[in-house]
Amino acid sequence: MEIQQSVNSINIAEDLDEKLLQTIGKECAEGYDNDLASRGQWEQDLEEWTKLAIQVREEKQYPWPKASNVKYPLLSTAAMQFTARAYPVIVPSDGKIVKCRVIGSDPQGIKAARASRVSEHMSYQVMEEMQNWEEDTDRLLMVLSIAGTVFRKTYRDTLNDVNESSLVLPRDLVVNYWTRSLDKAARVTQRIKMTKNDIQERINSKIFLDVDLPDPSSFELDKDDKQSRTLHNTQDDALTTPYLILEQHTWFDLDEDGYREPYVVTFNYQTRQVLRIVARFDAQGIKLNEDGKIARIVPKQYFTKYGFIPNPDGGFCDIGFGRLLGPLNNSSLS
């Protein structure tokens with residue numbers, strides 16, 4: 001496929017043969033598994049921090065069965081205090097969320113006037129058109145302080161034809177633990193749970209390929225899901241049980257020129273079936289050399305990382321109150 005054609009394609013997968021799609025799905029799944037394994041210890045720690053934060057009651061067997069296990073909500077209190085202080089700064093009472101600044105000379109105030117209009121319009125988009133933005137911000141601050149890392153995804157929702165900025169929890173964005181940054185990551189994979197009806201909507205809208213997916217209730221949910229279990233094959237399960245859909249921001253050489261281009265590959269993790277491939281770049285991102293050939297392609301970045309305290313071990317996941325106060329909270333009894 002020509003590189004220019006892929007920029008405007010709604011689903012590049014429609015133009016690829018089945019064998020190539022199977023290869024792409026397999027490579028994407030293997031990459032996801034490798035990235036997931038690299039942060040296995042961090043995910044275990046995150047689960048412990050979450051239990052502490054929401055005060056999950058667990059029966060103790062030491063030093064005797066059913067020993068006292070009431071913990072002081074130290075972690076929860078710290079997270080709530082941080083959120084209470086940070087939220088008014090990010091969401092001021094006057095509703096002016098976005099504040100553009102002027103760079104360079106502006107003697108006539110033209111740039112300042114434009115910045116004011118852009119700020120007002122974008123603040124309106126955030127507060128009025130993005131219905132979950134304010135609620136997501138509150139959750140973002142709480143999760144950030146506990147886990148140390150959280151994300152936002154900003155994109156154009158083609159299904160509903162709106163701009164979207166949604167919260168992505170740290171567990172649902174899988175990046176290799178030793179990645180330096182999102183921009184330098186070889187792969188960034190978002191975990192998305194979709195019901196059969198969600199997928200059918202995207203098939204009807206020509207966003208996904210019309211593939212024959214096995215009934216979701218025939219799968220065992222991914223082992224990393226805390227609610228992992230083998231489901232019975234009933235009609236109700238088929239309607240409510242989600243598929244694990246992975247949206248992987250990665251690189252593939254689809255035009256066979258020896259250079260991998262940035263794409264977004266959406267596939268069903270259990271079957272490795274590719275549902276959609278779209279370009280992760282635009283025409284302005286294609287940089288040519290003196291011979292008129294592609295020198296490099298600058299990918300679009302859909303995710304924004306929020307970090308609490310930089311991790312001194314150099315890992316991608318930053319430090320939050322879970323790491324700092326977790327051991328102390330674990331030992332506090334009342």
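- Looking at residues two or more places apart in sequence or on another chain, you find a side-chain hydrogen bond (donor to acceptor under 3.5 Å, both in side chains) between N204 and Q200.
- The closest side-chain donor-acceptor pair between R39 and N176, if any, does not fall under 3.5 angstrom.
- Looking only at distances, a side-chain donor or acceptor of Q55 sits under 3.5 Å from a matching main-chain atom of L52.
- Separating the OG atom in S205 from the CG atom in N11 is a distance of 12.5 Å, to the nearest 0.5 Å.
- Ion pairing of E27 with R260 is present here, as a side-chain N (NZ or NE/NH1/NH2) and a carboxylate O approach within less than 4.0 Å.
- Residues I146 and A79 come closest through the heavy atom pair CG1-CB, 3.7 Å.
- With rounding to the nearest 0.5 angstrom, the CG atom of L36 is 5.0 Å from the CD atom of E43.
- Applying the side-chain hydrogen bond (donor to acceptor under 3.5 Å, both in side chains) rule to pairs touching residues 303-314 yields Y177-N311, Y177-D313, K305-D318, N311-D313, sequence neighbours excluded.
- Remark: Y263 OH to H249 NE2 distance equals 14.5 Å, nearest 0.5 Å.
- Side-chain contact check for T250 versus R280: every heavy-atom pair is 4.5 Å or farther apart.
- The minimum heavy-atom distance between N268 and L244, with the atom names listed, is OD1-O, 3.4 Å.
- Annotation: cation-pi pair K153/F151 absent, no NZ/CZ under 6.0 Å from the ring centroid and within 45° of its normal.
- A distance of 6.5 Å separates CD1 in I199 from CE in M194, rounded to the nearest 0.5 Å.
- Under the 3.5 Å distance criterion, the side-chain polar atoms of T266 are left unmatched by any main-chain donor or acceptor of L275.
- The ring pair (Phe, Tyr, Trp, His ring centres under 6.0 Å) pairs that include a residue from residues 79-109 are F82-F308, where partners are two or more places apart or lie in different chains.
- Rounded to the nearest 0.5 Å, atoms CE (M80) and CG (L75) are 9.5 Å apart.
- A search for side-chain hydrogen bond (donor to acceptor under 3.5 Å, both in side chains) contacts involving Q41 returns D45, not counting sequence neighbours.
- A cation-pi geometry, defined here as NZ or CZ lying under 6.0 Å from the six-membered ring centre and within 45° of its normal, does not hold between R323 and W42.
- Across all their heavy atoms, Y243 and P214 have their closest contact at OH-O, 2.7 Å.
- For D106, the side-chain hydrogen bond (donor to acceptor under 3.5 Å, both in side chains) test picks out no residue, with sequence neighbours left out.
- With hydrogens and angles ignored, the 3.5 Å screen pairs a side-chain donor or acceptor of T137 with a backbone N or O of W133.
- A salt bridge does not link K293 with D255: every distance from a Lys NZ or Arg NE/NH1/NH2 to an Asp or Glu carboxylate oxygen is 4.0 Å or more.
- Distance check, rounded to the nearest 0.5 Å: OG1 of T149 to CG of L173 gives 10.5 Å.
- A 4.5 Å side-chain heavy-atom check between L74 and F321 finds every atom pair outside the cut-off.
- Atom CG of D212 has 12 or fewer neighbouring heavy atoms from other residues, nucleotides or ligands inside a 6.0 Å radius.
- In this view, D183 and Q301 satisfy the side-chain hydrogen bond (donor to acceptor under 3.5 Å, both in side chains) rule, not counting sequence neighbours.
- A heavy-atom distance below 4.5 Å is not found between the side chains of I245 and K193.
- Y32 is not connected to F316 by any chain of hydrophobic side-chain contacts under 4.5 Å among Ile, Leu, Val, Met, Phe, Trp and Tyr, and they are in different clusters.
- A donor-acceptor pair under 3.5 Å links the side-chain atoms of R276 to the main chain of I10, judged by distance alone.
- For the 3.5 Å distance criterion, the side chains of D35 and S38 fail to qualify, holding no donor opposite an acceptor.
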